[in-house]
Each structure stands twice: as structure tokens, then as C-alpha cells.
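Predicted model, so just to flag it, every value in this text is computed and none were measured.
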Protein chains: 2
Amino acid sequence: MSRQPTLKQLRYLCAVAEHGHFGHAARACHVSQSTLSAGILELESTLGTPLVERSHRQVLLTTLGADVVRRGRDILRDVEDLVTLCDAASEPFAGKMRLGVIPTVAPFILPRLLNRLREQHPGFQLFIREDLSQHLVDALHHGELDVLLLALPFPADSVETMNLFSDEFLLASPPGHGLAGNGKVRTEQLKGEGLLLLEDGHCLREHALEACKLRGSDVSVPYQATSLNTIVQMVANGIGITLLPRMAVDAQILSGTNVCVSEFTGRNVSRTIGLMWRRKTPRRAELRLLGEFVQGCHTE
Amino acid sequence: MSRQPTLKQLRYLCAVAEHGHFGHAARACHVSQSTLSAGILELESTLGTPLVERSHRQVLLTTLGADVVRRGRDILRDVEDLVTLCDAASEPFAGKMRLGVIPTVAPFILPRLLNRLREQHPGFQLFIREDLSQHLVDALHHGELDVLLLALPFPADSVETMNLFSDEFLLASPPGHGLAGNGKVRTEQLKGEGLLLLEDGHCLREHALEACKLRGSDVSVPYQATSLNTIVQMVANGIGITLLPRMAVDAQILSGTNVCVSEFTGRNVSRTIGLMWRRKTPRRAELRLLGEFVQGCHTE
DNA sequence: TCCAACGATCGCTTTTGTCGATCAAACTTA
DNA sequence: TAAGTTTGATCGACAAAAGCGATCGTTGGA
């Protein structure tokens, strides 16, 4: 296999095309005339064809040379673009980022988050994937995602996490229910009450159980409940009670229903929302900034 | 100004992206692992941003790194294309060529020439410009054209010419004219006959006069005759007589008219058709082949 | 006929590229 | 827990190249 032309040689050739004069082209490239001359010669040797027609009054391009210059200019511009891209991307919130979010968080924080990002960092492109925690962690490890927004803790190797805020669990019950509307509730009262939770795989299920010191046998799993909205509809229809994260209630998940909510008393009954990224990511600084940004979206 | 990335570095990066492993990528690039590693490192330094996330089980690309790979692949492909272009163009009749032709030759030889070229050298792109000899010579010197097909001799510096064939002048006269239809004619008989020729600037005018040993004062210049077809119409209408190159007559320029043609006797009354190119053109061999090709078109 | 302009070439120095060997970190295995 | 593997980074030495100033050869012009 023969040698490939180099970008430097293409730059030399384009300079010659522009100036029509080896000496001037050399000055424009900040090299000596001999260097540029040798570069052009080597390029011609590499391509196996003359590109420049040397005469003493003027330097003309071969037909083919003109074609090479045309393509060469495009190539050099593409390389410039590539450098520019990297320059722009090296500052935070300026490039692309792929974020994975769990379904029990996404609908309640993404609208505000994306709006604010668009306002404050217009150059930032955030791609979203919504999936179960385990799928997100797998994707993170495969390099398909850069960062996850999920409920912690969640077991994963070779990652770092950043706790953002605590998200309290509230009890949601139909109006006539014994636990409804009586001020604060203790978690012990939930036993035997037919608690409705999301199907297996949703971390909210495990986190809610753990926060309330319950076991799976205390829960009646509803048929194919894949979203909190479905569960709310079931509660509104008197099928049972459930635990809702405060961010869902704050995001008006109960609007249009008559479902009652009660806070828990005593212990801290909540899950923790945080970010997770690969331990070796080169964007840790930027990711921490993103974490602070999400915090700002939640508290304000 | 900072350093620019090199094609080699982009190749290394793309190989790493493909293999997900420095060692395998190095083998694919036929370099040692240390060389490839250093290349990637330098590219990252040049671009001022990490592109590859190194862990011991797998090598992942940064989001930005994936973008760079995507653009890098395009750039490398463009360079490959450029090389391919030159490879294809280095063999004769395979690239582009710009040919200038004078108006008194173009209509009579180009149809056949272009047809045969298209048949026998499908990859050959011949661009045509039709203009007066002097304009063509200027364009040749400016590098706008690669070769001219014209009547020789024509004064020009720093050029080489190649005679292709001789093109006889024939006398064209209206049916009732005294010189018409009487076999061969002598050039001396033309004096005072009101010879119609193209306007000034057409070399056919000078060549015809010279071939017949006439002077400009022997000719009545018709009003705005810019093509031989116009002249033929004037002859057909009895306005005068003219000299036509045989190639025009052979190309049926007289079809549909009642104009008579006579050959000249005695001396050689003709012009010479040939090619002209810049003395320093790098395509001389190909141009000579083109000349032979044109000869073939004319004689067969 | 000499001169000026221009690109090619030469000899030399500096820089860069490359390699093998080795290091350091992180998993794996015993 | 400790040795062993794997992997990318680093080091030292050498070779290749890139680059420069000086000079040459050619070509037009004065």
C-alpha cells in the first residue's frame, strides 16, 4: 500500500493555488520555500500525478490539481470544524450529553429541567432515555449513556453517585378510607392494608418498601401497573392505597381525582434522588454542575 | 495558533473506536501499542479534550469522542476518494480535460469526436469551449483550457503544436456563376470575384487568403457573417462566392442548397488542423494520444 | 548577453515518530 | 489476601522526517 497524502501537504497545495507563487505560499504557511516545494513534490509523488504546472511567470494548476485543491479545501475545512467542535465542547453545558432517567422521576422533573437548560444553556443538547434503573445502569456501562438520574442507592460497579435531594413518600388513599385525611400516619399502620405498588423492576417499589420497613408479602401487586398514573387511578377507584413520591404529588399527579394524601410521622420515609456516572468519565466536573443544576430545579 | 490534528491520529482514533482495544487497534494500524497510545494522547492534547475513556475491561468513547470519530471517518473517506480520483486520472482518457475549438472546426468534427470518445472512453470528461483562436490561446495560457483544436499556424508563445491533418479549401459558388461546375479552378481566378469571408478574428479568413495568395483588398467582407452557415446562405442567394473547408462540405453544410463546389488545381490550397498545448503541460503524452484520436475521427 | 525571478535540490540540524521494555492500575484467580 | 493477567501509559534510544539556508538550473526580460 502506498503512502497517504497529509493534511500539511494539502495545505501547501491550497496555498499555492491561492497565491499562484511558491514563495508567497510558503510565507503564508510560515515555512521556507524549500520546505513547501518539497511538500508539493511529495504530494505529487504520493498521488502519482502532477498537480502544478511550473512556469517562471506563473504557477498554474493541472486540471486534476484544481480538483485536488477543491477537495482539499473541503477536507481542511472539515478538519477545522472538528477542532472547533471540540473547542466549543470543552466548556461545560456546551456539547451533547445522554441522560438516563427512571420512569418514576422523569415526568416530574424533566419538564422544568429541560426548560431551564434550554433557557440558560442554549448550546447544550441533552438526550433523554427513560427506562428501569437496571437497564439504565447497563446502558451507562456500555457507554450508551453519560449519566443517570435515578433513586439511590442502586447497586452498580465502577460508578460514582451524587445525592441531590430527598424525596418524601406520601400515603395516597381514597376519601372514605380509614387512613385518609386523619393527619399524620405511621408506617406500621400500612400492614395488611393492600398496598398498591408498581410491578417488579421499578426501584420505587423496593425503595418504598424499605422506607416503610415492609416486606413484599405486605403488598398486593396490581395487574400490570406500569406507571404511577395508573396506580393513582386505581386508588381513586377504591381498589387500595399506595405510596407516592412527593415530587409526583407536587407535579399535580392527583389533579382531577379525589385521592387524599397524608404525610408519615416519625422516621424519615423517603427515597434519595441522585446522579450516577462511570467512575472514569472525563466529564465529572461538568456532571457535578449538572447535579447542582437539577437541585436548583427541584428546590426553587 | 495551536497544532492541528493529523490524519494519522484520526486513523488511530477510528481504529480504537472500531476495536474497542488499544492493542488490537494498533495491530490493525500496523504500529506498536505504544505508538498508537501516544498518537491518541497527542490527539486529545491537540483537541484539548478527552476522547476515549480508558478502563481495563473496555475502551469507551466520550460523547465528543464519538462525534470526532464520526467526522473523522468522513474526512478519511474524503482523502481516500481524493487518492482514488488521482489514481483513475493518471491513466489517459480517464479524467477531465478542457478543450478549446475554433468555430470553423467545431461543428464539423466535434459530433463524431464526442460520440467516439463517449463510446471508447466512457470515463473521460471533455469540456468544450468554442471561441476565436486568439481568445483560446489566451485561455490556454491562463490555465483555463488544457488543449486547443485549431488551424495552424497560429502565433503563440510557450506552446507546442501537433499537426493532425490538412483541410482543403473548396470554392463554393451559386449555380449560375462563371466559376461554378467547371471542374477544377485556379486560385488566380478568384481575384475580383467578390469573395465572401468571415469577419475579422476568424483565422479561417487569414488562412484562406494565404492559401490562395490573396490580400484582404480582394475580399468583400459580408455584413456580420459570424458563421459559415450564414456565408453559405449568402452564396446560395447569389451574393457572391466563398471558400469552404472540405470538412464543412463533408459535414453536409451545403445540404438543402443548390451551391456548387469546385476543387482547386495546382498548388495545395488548404489549412492545417492541429492541437496546441502549453509547452509545460504535464499531460503531453495524453494530449498526443488525443491528437491521434482526432486524426482517427477525421480519416475514417 | 547579462540579470532577475523562480522553483528544485543539496547538506545539515532539529524535530518527530517509532519501537521494545517497563510501569502502574485494575480486575481475576487461587 | 496475594499472586497473576490484562491493559494503557511511559521511558530511553534510535531512526526517520521535516525544516532551513544556501545554491543550482532554467526561463524571460532588459
Side-chain angles (χ1 to χ4, degrees), chain A residues 3-13 15-46 50-62 65 141 143 156-160 278-282, chain B residues 2-13 15-46 50-62 65 141 143 155-160 278-282:
Chain A
R3 205 171 22 196
Q4 289 279 87
T6 70
L7 292 175
K8 192 170 45 179
Q9 290 164 357
L10 289 180
R11 265 187 279 276
Y12 291 169
L13 180 69
V16 167
E18 187 177 343
H19 293 89
H21 186 291
F22 275 53
H24 300 168
R27 206 169 315 134
C29 294
H30 307 102
V31 296
S32 72
Q33 175 263 318
S34 63
T35 297
L36 182 130
S37 184
I40 299 284
L41 283 173
E42 190 182 353
L43 181 60
E44 289 179 319
S45 150
T46 301
L51 302 170
V52 175
E53 211 172 299
R54 288 91 163 156
S55 73
H56 293 263
R57 286 293 125 207
Q58 59 188 336
V59 173
L60 292 178
L61 289 174
T62 306
H141 279 129
D157 293 333
S158 309
V159 298
E160 283 179 5
R278 288 184 299 273
R279 199 192 304 162
K280 317 209 99 186
T281 182
Chain B
S2 91
R3 205 172 21 196
Q4 290 279 90
T6 70
L7 292 174
K8 190 170 49 178
Q9 289 164 359
L10 289 179
R11 265 187 278 276
Y12 290 169
L13 181 68
V16 167
E18 188 177 342
H19 294 89
H21 187 291
F22 275 53
H24 300 168
R27 205 169 316 135
C29 294
H30 307 103
V31 295
S32 73
Q33 174 264 319
S34 63
T35 297
L36 182 131
S37 184
I40 299 285
L41 244 38
E42 191 182 352
L43 180 61
E44 290 180 319
S45 150
T46 301
L51 302 170
V52 175
E53 210 173 302
R54 288 93 163 154
S55 71
H56 292 265
R57 285 294 125 207
Q58 58 188 336
V59 173
L60 291 178
L61 289 173
T62 306
H141 279 130
D157 294 333
S158 308
V159 298
E160 282 180 7
R278 289 184 299 273
R279 199 191 303 160
K280 317 208 98 187
T281 182

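Separation of atoms CG (A/Leu36) and NZ (A/Lys8) is listed at 11.0 Å; rounding is to 0.5 Å. Distance check, rounded to the nearest 0.5 Å: CZ of B/Arg11 to CG of B/Leu13 gives 12.5 Å. Between the CZ atom of B/Arg27 and the NE2 atom of B/His19 there is a distance of 9.0 Å, given to the nearest 0.5 Å. Put simply, CD on B/Gln4 and CD on B/Gln9 are 10.5 Å apart, with the number rounded to the nearest 0.5 Å.
Rounded to an integer number of Å, the gap from CD of B/Glu53 to C1' of C/dA25 is 16 Å. Per the geometry, CZ belonging to A/Arg278 stands 17 Å off C1' belonging to C/dA26, to the nearest Å. Here C/dG17 presents its P atom at 12 Å from CG of B/Leu43, a figure rounded to the nearest Å. Rounded to a whole Å, the CG atom of B/Leu60 is 12 Å from the P atom of D/dG8. What separates NE2 of A/His21 from P of C/dA8 is a distance of 12 Å, to the nearest Å. Going from atom NE2 of B/His19 over to atom P of D/dT6 covers 19 Å, rounded to whole Å. Note: CZ (A/Arg27) to P (D/dG21) measures 13 Å, nearest angstrom. Rounded to an integer number of Å, the gap from CG of A/Leu36 to C1' of D/dG19 is 12 Å.
When distances are taken from the side chain of A/Phe22 to each of D/dA18, C/dA8, D/dT10, the shortest belongs to C/dA8. Checked against C/dC6, C/dT18, D/dT10, the side chain of B/Leu41 finds its nearest nucleotide in D/dT10. Looking at the side chain of A/Glu42, the nearest of the listed nucleotides D/dA18, C/dG20, D/dT7 is D/dA18. Considering only side-chain atoms of A/Val31, the nucleotide from D/dC20, D/dA18, D/dG8 that sits closest is D/dC20.
Residue B/His24 has no polar side-chain atom (N or O) positioned under 4.0 Å from OP1 or OP2 of D/dT7. Contact annotation: A/Ser37 side-chain N/O to C/dG7 OP1/OP2 distance is not under 4.0 Å. Contact annotation: B/Tyr12 side-chain N/O to C/dT18 OP1/OP2 distance is under 4.0 Å. At C/dT18, one or more side-chain N or O atoms of B/Lys8 fall inside 4.0 Å of OP1 or OP2 (strictly under the cut-off).
Between B/Gly23 and A/Thr35, the residue anchored nearer the 5' end of DNA chain D, judged by the nucleotide with its closest heavy atom, is B/Gly23. Along DNA chain C, the nucleotide nearest to B/His30 and the one nearest to A/Gln33 differ in position, and the one closer to the 5' end is contacted by A/Gln33. Closest-nucleotide positions on DNA chain D for B/Arg279 and B/Ala38 were compared, and the one nearer the 5' end corresponds to B/Ala38.
When atom types are taken as modelled, the side chain of A/Ser45 and the backbone of A/Leu41 share no donor-acceptor pair closer than 3.5 angstrom. In terms of modelled atom types and a separation under 3.5 Å, the side chain of B/Glu44 and the main chain of B/Leu51 share a donor-acceptor contact.
At a cut-off of 3.5 angstrom, counting only N and O atoms as typed in the model, there is no donor on one side facing an acceptor on the other between the side-chain of A/Ser34 and the base of D/dG19.
The C1' atoms of five pairs define one axis at each end of the helix from C/dT1-D/dA30 to C/dA30-D/dT1, and these two axes lie 10° apart (to 10°).
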Original post:
Do A/Leu7 and B/Thr6 pass the side chain to side chain contact (heavy atoms under 4.5 Å, CB included) test, and can you show the C-alpha distance, the side-chain angles, and the key distance before you say yes or no?
Top reply: CA-CA 7 Å; A/Leu7 292 175; B/Thr6 70; 5.5 Å; no

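Here the options are A/Leu61, A/Thr62, A/Leu60, the test is side-chain contact (heavy atoms from CB on, under 4.5 Å), and the partner is A/Val52; only A/Leu61 passes.
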